[in-house]
**Q** 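Mind looking over this structure? Questions follow.
Reminder, nothing fancy here: chain letters follow the sequence lines and each chain counts from 1. Small disclaimer: the values here were computed from a predicted structure and weren't measured.
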Amino acid sequence: MRTTDYLLATQKESPAEAEVISHKLMLRAGLVRKLASGLYTWLPTGLRVLNKVAAIVRDEMNKAGAIEISMPVVQPADLWQESKRWEAYGPELLRIKDRHERDFVLGPTHEEVVTALVKNEVSSYKQLPLNLYQIQTKFRDEVRPRFGIMRSREFIMKDAYSFHLGEESLEQTYQRMHQAYCNIFERIGLEFRPVIADSGSIGGAVSHEFHVLADSGEDDIAFSDTSDYAANIELAEAVCLDTRASASADISKVATPEASSISDVAAMLSVAATQCIKTLIVDADESCDHPFVAIVLRGDHQLNEIKAEKHPLVASPLTFADEAKVSAHLSCKFGSIGPVALPLPVLVDRSAAACSDFVCGANEDGFHYIGVNWERDVADFEIVDARNVVAGDASPDGKGTLQIRKGIEVGHIFQLGDKYSKAMNCGVLTESGKHEVLKMGCYGIGVTRIVAAAIEQNHDQHGIKWPPAIAPFQVAIIPMNMHKSHRIMETALKLYADFLAENVEVLFDDRKERPGVMFNDMELIGIPHSIVIGERNLDNQQVEYKNRLTGEKTLINIDEVIAFVTNQ
RNA sequence: CGGUGAGUGGCGCAGCUUGGUAGCGCACUUGGUUUGGGUCCAAGGGGUCGUAGGUUCGAAUCCUAUCUCACCGACCA
């Protein structure tokens with residue numbers, strides 16, 4: 001490709017709207033342009049990258065035995081009513097009407113459509129297992145699109161759905177997809193981690209997320225420093241190896257006026273936050289005899305809402321209780337609540353349960369207890385896992401300690417079980433002639449998000465440093481002052497033709513620009529290899545090779561250029 | 001949805017307080033100049049100042065309404 005025949009669209013300044021580095025660079029390098037909030041046009045350079053990512057995903061899916069199909073973006077509402085997600089999905093599901101006033105949705109995902117398809121097309125156990133996938137546009141009406149294409153409303157997703165008779169077959173395909181995902185991210189060249197995850201609203205039991213590690217990531221992931229244990233912090237089990245010391249102090253009430261937060265109380269009483277416990281009040285599940293439930297954590301720990309709301313006594317979704325209502329019920333404010341003689345169900349985190357002689361609220365404004373001990377002073381409580389793990393915690397698999405890093409979620413795989421197949425009665429006849437509902441798995445990859453994540457992980461002050469597997473071009477030819485020198489033009493044209501003949505993706509910068517402009521643009525776009533042609537080196541029949549990733553520069557003979565670059 | 005801020009040529013911004021013929025940098029066009037890291041000089045093209053209404057002799061500027069966008073939060077692939 002010649003730059004004069006191309007839409008380069010690079011910019012010196014990034015638009016004010018861009019906050020994260022990948023968003024800025026995608027705009028500056030001319031990869032995308034915003035049309036409206038969360039909606040982007042892909043320019044030629046961006047589309048080249050996107051297509052490369054999609055090609056790798058497609059290839060690995062095919063190798064893993066999945067079969068490509070293409071389903072409509074616009075889907076009839078009755079399918080969604082059948083699966084109950086017409087109500088459950090909420091405002092993120094964009095609903096539209098056609099000219100006959102019939103309801104439709106723009107598909108945010110395709111479980112309904114694919115299940116309806118399989119229900120109609122597959123009727124025998126002999127056709128199973130079956131794994132269908134597509135690479136296609138999704139629409140989710142996000143509350144707040146942000147970070148450019150990282151969280152856009154319209155995006156491209158690879159979504160696969162597998163169908164099975166029995167858990168064992170599902171487990172096999174799930175493992176095969178897990179491996180395929182690892183292959184995909186390795187081939188693209190990203191530093192990633194598969195982590196145990198919460199299955200959220202999609203449903204099902206077993207689930208893994210694939211995260212690209214980057215400081216700008218929105219998720220915290222915890223992983224062991226010695227084993228391969230890794231989990232989203234939402235799900236990482238907090239183990240407590242400490243055993244509770246026996247009580248050595250008597251309980252007594254002390255005045256703590258104006259002190260309500262843990263840091264206030266700890267400072268006033270000159271104790272460590274780890275010696276204090278905090279009591280959070282959340283709404284109780286309807287089945288509970290009490291209006292609220294108390295969750296007790298050690299002073300330095302944070303509540304994990306995902307874990308807490310799974311407890312049968314806790315309302316789902318987890319809701320912090322209204323302070324006025326709690327005050328009316330307990331006759332004290334949030335900052336003074338404690339588990340001693342508390343007329344509510346008490347759930348105690350494992351680490352808080354290992355405390356002895358601790359400090360807690362006295363259920364009376366302006367007072368705390370000190371020297372409190374479980375069992376002796378608080379008779380009725382249940383020990384649960386309810387906090388976020390922190391760096392340094394023991395790994396749940398018993399090997400090593402946990403570290404925490406930020407990740408960008410680029411893939412998510414689920415064992416769905418029969419959630420959708422049961423609701424839509426999708427089954428086959430078994431060998432014995434009985435109708436049996438199928439088990440399902442689903443496997444998603446955010447193809448557009450991978451592009452942004454790759455930039456987050458691979459850039460410097462000059463611009464993008466594409467992993468070669470997804471670079472828009474492999475080689476840039478930068479001739480200096482070509483319009484003034486016949487031999488430079490001849491050399492450039494020859495190299496360009498030679499690269500094309502070798503099927504190397506080459507961008508020939510034939511603009512009448514100063515060298516600095518060309519260098520800056522090619523580095524901004526992040527082309528891995530550059531060939532710089534100048535008068536100086538041409539005297540020795542040489543050109544300069546530059547590597548974008550390593551910064552390496554070497555002189556090479558003109559007749560060795562093609563071989564040298566194709567070797568890289 | 002709550003909070004904060006912003007809408008002025010393609011991009012980045014000034015002008016608004018104190019109303020008086022719309023400006024700067026980048027980009028673009030033409031000519032010259034320069035040529036191994038975003039040259040320099042000159043001339044030029046391009047803007048209903050988000051939209052609607054109001055006040056006024058006169059509104060980018062003041063008032064009202066409304067739309068859009070971004071960031072933080074809540075929410076969520």
**Q** Counting Watson-Crick and G-U wobble pairs only, both distances under 3.5 Å, name the nucleotide matched with B:G46, or none.
**A** none
**Q** Do A:Arg387 and A:Gln302 have side-chain heavy atoms sitting under 4.5 Å apart?
**A** no
**Q** Provide, to the nearest angstrom, the distance between the CZ atom belonging to A:Arg144 and the C1' atom belonging to B:G5.
**A** 13 Å
**Q** Tell me which of A:Leu538 and A:Asp219 sits closer to the 5' end of RNA chain B, going by the nucleotide each one is nearest to.
**A** A:Leu538
**Q** Under 4.0 Å between a side-chain nitrogen and a carboxylate oxygen: does that hold for A:Lys406 and A:Glu218?
**A** no
**Q** Regarding A:Phe147, tell me which of base, sugar-phosphate or nothing describes its non-hydrogen contacts under 4.0 Å with the strands shown.
**A** sugar-phosphate
**Q** Cation over ring, A:Lys546 on A:Phe519, under 6.0 Å and within 45°?
**A** yes
**Q** Roughly how many Å is it from NE2 in A:His23 to P in B:C11, rounded to a whole number?
**A** 13 Å
**Q** If you measure from the C1' atom in B:G20 to the same atom in B:A65, how many Å do you get, rounded?
**A** 27 Å
**Q** Within the structure shown, what part of the strands sits under 4.0 Å from A:Asp141 by heavy-atom distance: base, sugar-phosphate, or nothing?
**A** nothing
**Q** Please give the nucleotide sitting opposite B:A52 as a Watson-Crick or G-U wobble pair, both distances under 3.5 Å, or none.
**A** B:U64
**Q** Give a yes or no on whether a donor-acceptor pair under 3.5 Å exists between the nucleobase atoms of B:G37, that is its base, and the side chain of A:Asp521.
**A** no
**Q** Between A:Arg176 and A:Ala66 (side chain of the first, backbone of the second, donor and acceptor by atom type, cut-off under 3.5 Å), is there such a pair?
**A** no
**Q** Closest approach of A:Ala197 and A:Glu209, non-hydrogen atoms and distance?
**A** CB-CG, 3.2 Å
**Q** Might you point out which heavy atoms bring A:Val314 and A:Val293 nearest each other, and give the distance in Å?
**A** CG2-CG1, 4.4 Å
**Q** For the base of B:G12, is there a side-chain donor-acceptor partner from A:Gln11 under 3.5 Å away?
**A** no
**Q** Going 5' to 3' along nucleotides 30-35 of chain B, which nucleotides have protein heavy atoms under 4.0 Å from the base (write B), which only from the sugar-phosphate (write S), and which from neither (write -)?
**A** ----BB
**Q** Within residues 35-55 of chain A, find the residues that approach RNA chain B with a heavy atom at under 4.0 Å, and present them sorted by residue number.
**A** A:Ser37
**Q** Between A:Glu112 and A:Ser83 (side chain of the first, backbone of the second, donor and acceptor by atom type, cut-off under 3.5 Å), is there such a pair?
**A** no
**Q** Choose from B:G36, B:C72, B:G37 the nucleotide whose nearest atom is closest to any side-chain atom of A:Arg536.
**A** B:G36
**Q** Counting only side-chain heavy atoms from C-beta out, which of B:C69, B:C26, B:C71 sits nearest to A:Lys12?
**A** B:C26
**Q** Check every strand shown and say whether A:Ala18 touches a base, only sugar-phosphate, or nothing at a heavy-atom separation below 4.0 Å.
**A** nothing
**Q** Measuring only the P atom in each nucleotide, how far is B:U56 from B:C16? A whole number of Å is fine.
**A** 24 Å
**Q** Check whether any side-chain heavy atom of A:Asp509 lies under 4.5 Å from a side-chain heavy atom of A:Arg2, and answer yes or no.
**A** no
**Q** Within this structure, what is the CE-to-P distance between A:Met480 and B:U39, rounded to whole angstrom?
**A** 14 Å
**Q** RNA chain B: A:Glu19 or A:Leu524, which has the more 5' nearest nucleotide?
**A** A:Leu524
**Q** Between A:Asn540 (side chain) and A:Gln542 (backbone), is there a donor-acceptor pair under 3.5 Å?
**A** no
**Q** At under 4.0 Å between heavy atoms, what does A:Arg33 touch on the DNA or RNA strands: base, sugar-phosphate, or nothing?
**A** nothing
**Q** For B:G9 versus B:G50, give the span between their P atoms, rounded off to a whole number of Å.
**A** 8 Å
**Q** Counting the atoms with a prime plus P, OP1 and OP2 as sugar-phosphate, which does A:Gly446 contact under 4.0 Å by heavy atoms, base, sugar-phosphate, or nothing?
**A** nothing
**Q** Hunt down the Watson-Crick or G-U wobble partner of B:G2, both distances under 3.5 Å, from any strand shown, or write none.
**A** B:C72
**Q** Nearest of B:G36, B:G73, B:G38 to any side-chain atom of A:Arg146?
**A** B:G73
**Q** Could you give all pairs that pass the salt bridge (charged side-chain N to carboxylate O under 4.0 Å, His left out) test and reach residues 19-44 of chain A, with sequence neighbours left out?
**A** A:Glu17-A:Lys34
**Q** Rounded to the Å, how far apart are A:Arg511 CZ and B:A27 C1'?
**A** 12 Å
**Q** Quickly work out the A:Leu555 CG to B:G36 P distance and round it to whole Å.
**A** 16 Å
**Q** Under a 3.5 Å cutoff, is there a donor and acceptor pairing between the side chains of A:His208 and A:Tyr174?
**A** yes
**Q** Nearest of B:C11, B:G37, B:G38 to any side-chain atom of A:Pro15?
**A** B:C11
**Q** How far does the P atom of B:G25 sit from the matching atom of B:G45, given to the nearest Å?
**A** 15 Å
**Q** Rounding to an integer number of angstrom, what distance separates B:G2 and B:G23 when you compare their P atoms?
**A** 40 Å
**Q** Taking the side chain as every heavy atom from C-beta outward, state whether A:Trp80 and A:Tyr89 have any atom pair closer than 4.5 Å.
**A** yes
**Q** What's the gap between B:A27 and B:U64 when it is taken at their C1' atoms, as a whole Å value?
**A** 38 Å
**Q** Can you tell me how far C1' of B:A74 sits from CD of A:Glu92, to the nearest Å?
**A** 14 Å
**Q** Please work out if A:Glu544 contacts a base, only the sugar-phosphate, or nothing of the nucleic acid, heavy-atom cut-off 4.0 Å.
**A** base
**Q** Roughly how many Å is it from NZ in A:Lys34 to P in B:U68, rounded to a whole number?
**A** 13 Å
**Q** Scan every strand shown for a Watson-Crick or G-U wobble partner of B:U35, both distances under 3.5 Å, and answer none if you come up empty.
**A** none
**Q** Just name whichever nucleotide pairs with B:G25, Watson-Crick or G-U, keeping both distances under 3.5 Å, else none.
**A** B:C11
**Q** Tell me which nucleotide, if any, is Watson-Crick or G-U wobble paired with B:U17 when both distances must be under 3.5 Å.
**A** none
**Q** Any donor-acceptor pair, under 3.5 Å, between the side chain of A:Arg151 and the base of B:C76, if you only look at N and O atoms?
**A** yes
**Q** Can you find a donor-acceptor pair, distance only, under 3.5 Å between A:Lys546 side chain and B:G37 base?
**A** yes
**Q** Taking all heavy atoms of A:Met157 and all of A:Gly444, pick out the closest pair and write down the distance.
**A** CE-CA, 3.8 Å
**Q** Base, sugar-phosphate or nothing for A:Asp159? Non-hydrogen atoms, less than 4.0 Å.
**A** nothing
**Q** Take atom C1' in B:U51 and the same atom in B:A42, then report the distance between them in whole Å.
**A** 40 Å
**Q** With heavy atoms under 4.0 Å as the rule, sort A:Glu234 into base, sugar-phosphate or nothing.
**A** nothing
**Q** Please state how far atom CD in A:Glu142 lies from atom P in B:G73, giving the value in whole angstrom units.
**A** 15 Å
**Q** Quick check: do A:Tyr181 and A:Ile413 have side-chain heavy atoms less than 4.5 Å from each other?
**A** yes
**Q** On a plain distance test, is the side chain of A:Glu13 in donor-acceptor contact with the base of B:G25 below 3.5 Å?
**A** yes
**Q** Quantified in whole Å, what is the P atom distance between nucleotide B:G36 and nucleotide B:C72?
**A** 44 Å
